[in-house]
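Report on the following structure.
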Amino acid sequence: MQEALLAAPCDAVSAAIQAAAAKGRPALVGFLTAGFPTRLGFKDNLAAVASVCDVVEVGVPFSDPMADGTTIQRASFAALAGGVTLPWILEELGSITCRHSAPILLMSYLNPLLSVGLDSLPRKAAAAGVAGFIVPDLPFEESGDLKQALEREGLALVQMVTPVTPPERLAMLCREAKGFVYAVTMTGTTGTHQGLTSEVPLEVLEYMDRVKACANVPVCAGFGIRSREQVACFAGHVDGVVVGSALVEALERGEDVRTFLRSLREA
């Protein structure tokens, strides 16, 4: 039973982040919107991101992405216009013959998950090589059914915390998190250039330290991270960083995303 638990996909997420942190650098969690900039390029873009990142977060496009800033909203709307759906994403991931070493998480709002159905979603996701989910519009108090369904396949339900999460709730969310704790760096939406400067404020790092003290799984900082200087500031305070809007923008510009992602690790 213990061996089975250790082999669970949610544990693979934690292990990948911890392995990177053990090398003295924050793990990289790279986000891309499925089917953006094009559906045809999705698997190639995924492979490029997975070749550098320790964990990959694939965004499921949604018509009302309330936690996302303009960059990811734009990518989401373009992907929807191109016909990208959660069933299509699972089919594309399942068709990959040589699985990527980086665990894959799906970031999805709740409605697309419910449209697939909680009875079949975990099985289909696990078969497609998905290790877990991030669901930003699902309050913990309403997450019991999804959490229970995902646990049947050993899939993670990543919990998100913010700088204004009360201490008691912070401790509870950290205790319940699987895979990693997603520590949002600021209140507001993703992708803002004004949220973080190259020198991450001391209060943000102190908040990350509080999250780390509560967490039983790795902690990753996300929202507004787009430079190697920021990544370096977070070293020692978190186990990993999530790079989203900056990576989507690099894909949108047609840049070599491998080069961009590697640049975040340069001294």
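- Here the CZ-OG distance, from Arg228 to Ser263, works out to 6.5 Å after rounding to the nearest 0.5 Å.
- For Glu141, the side-chain hydrogen bond (donor to acceptor under 3.5 Å, both in side chains) partners are Arg169, not counting sequence neighbours.
- Closest approach of Cys53 to Ala102, counting heavy atoms only: O-CB, 3.5 Å.
- In this structure, the side-chain hydrogen bond (donor to acceptor under 3.5 Å, both in side chains) partners of Thr165, at least two apart in sequence or on a different chain, are Thr162.
- Taking the six-membered ring where the residue is Trp, Phe223 and Tyr182 present perpendicular rings, their angle passing 60° and hence far from 30°.
- Val13 places a side-chain heavy atom less than 4.5 Å from the side chain of Phe180.
- The shortest non-hydrogen separation linking Ala128 to Arg99 is C-NH2, 3.6 Å.
- Side chains of Ile104 and Leu46 form a contact here, defined as non-hydrogen atoms less than 4.5 Å apart.
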Would Glu252 and Phe36 count as a side-chain contact (heavy atoms from CB on, under 4.5 Å) if you check the C-alpha gap in whole Å, the side-chain angles of each, and the deciding distance to 0.1 Å?
CA-CA 8 Å; Glu252 190 173 26; Phe36 180 83; 3.8 Å; yes

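- Contact detail for Phe234 and Ala221: the closest heavy-atom pair is CE2-CB, 3.8 Å.
- Atoms SG and CD, from Cys220 and Glu57 in turn, are 9.5 Å apart once rounded to the nearest 0.5 Å.
- Within the 4.5 Å cutoff, no side-chain heavy atoms of Leu105 are placed close to those of Val56.
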Could you walk me through whether Leu251 and Leu32 pass the side-chain contact (heavy atoms from CB on, under 4.5 Å) test, one step at a time?
CA-CA 8 Å; Leu251 283 165; Leu32 72 163; 3.8 Å; yes

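- In this structure, the separation between CD on Gln73 and OG on Ser245 is 9.5 Å, given to the nearest 0.5 Å.
- A side-chain donor-acceptor contact under 3.5 Å links Gln230 to the backbone of Ser227.
- A heavy-atom distance below 4.5 Å is not found between the side chains of Asn45 and Val257.
- Between Pro26 and Val231, the shortest heavy-atom contact is CG-O, 3.8 Å.
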Intermediate values then yes/no, side-chain contact (heavy atoms from CB on, under 4.5 Å), Ile225 and Val242:
CA-CA 7 Å; Ile225 298 172; Val242 182; 5.9 Å; no

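- Look at Arg258 and Asp44 and you find no salt bridge, because none of the NZ, NE, NH1 or NH2 atoms lies under 4.0 Å from a carboxylate O.
- Partners of Glu142 by side-chain hydrogen bond (donor to acceptor under 3.5 Å, both in side chains), not counting sequence neighbours: none found.
- Side chains of Ile17 and Asp54 form no contact here, defined as non-hydrogen atoms less than 4.5 Å apart.
- A distance-only check finds a donor-acceptor pair linking the side chain of Ser76 to the backbone of Phe62 [under 3.5 Å].
- Rounding to the nearest 0.5 Å places CG of Leu114 at 8.0 Å from CG of Leu146.
- Between Glu92 and Arg39, none of the side-chain N atoms (NZ, or NE/NH1/NH2) sits under 4.0 Å from a carboxylate O, so this pair counts as no salt bridge.
- Remark: Leu90 CG to Leu106 CG distance equals 6.5 Å, nearest 0.5 Å.
- Across Ala34 and Ala79, no two heavy atoms sit closer than the pair O-CB, 3.4 Å.
- For the side-chain contact (heavy atoms from CB on, under 4.5 Å) test, residues two or more places apart in sequence or in another chain that qualify with Ser143 are Leu138, Phe140, Leu157.
- Partners of Gln148 under the side-chain contact (heavy atoms from CB on, under 4.5 Å) rule, at least two apart in sequence or in another chain, do not exist in this structure.
- Side-chain contact between Val243 and Arg226 is absent, with no heavy-atom pair separated by less than 4.5 Å.
- Here the shortest heavy-atom pairing between Val49 and Leu261 reads CA-CD1, 4.0 Å.
- When side chains are defined from C-beta on, Lys178 does not count as touching Gln159, because their heavy atoms never get closer than 4.5 Å.
- In summary, Arg25 and Asp239 do not engage in a salt bridge, as defined by a charged side-chain N under 4.0 Å from a carboxylate O.
- The shortest distance between side-chain heavy atoms of His237 and Lys212 does not fall below 4.5 Å.
- Ion pairing of Arg210 with Glu206 is absent here, as no side-chain N (NZ or NE/NH1/NH2) approaches a carboxylate O to less than 4.0 Å.
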Decide yes or no on side-chain contact (heavy atoms from CB on, under 4.5 Å) for Ile96 and Leu93, but give the supporting numbers first.
CA-CA 6 Å; Ile96 297 173; Leu93 293 176; 4.2 Å; yes

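- A donor-acceptor pair under 3.5 Å is absent between the side-chain atoms of Tyr109 and the main chain of Ser63, judged by distance alone.
- Interatomic distance, Leu247 CG to Ile72 CD1, rounded to the nearest 0.5 Å: 9.0 Å.
- Residues that satisfy the side-chain contact (heavy atoms from CB on, under 4.5 Å) test with Ala215, not counting sequence neighbours, are Cys174, Val181, Val219.
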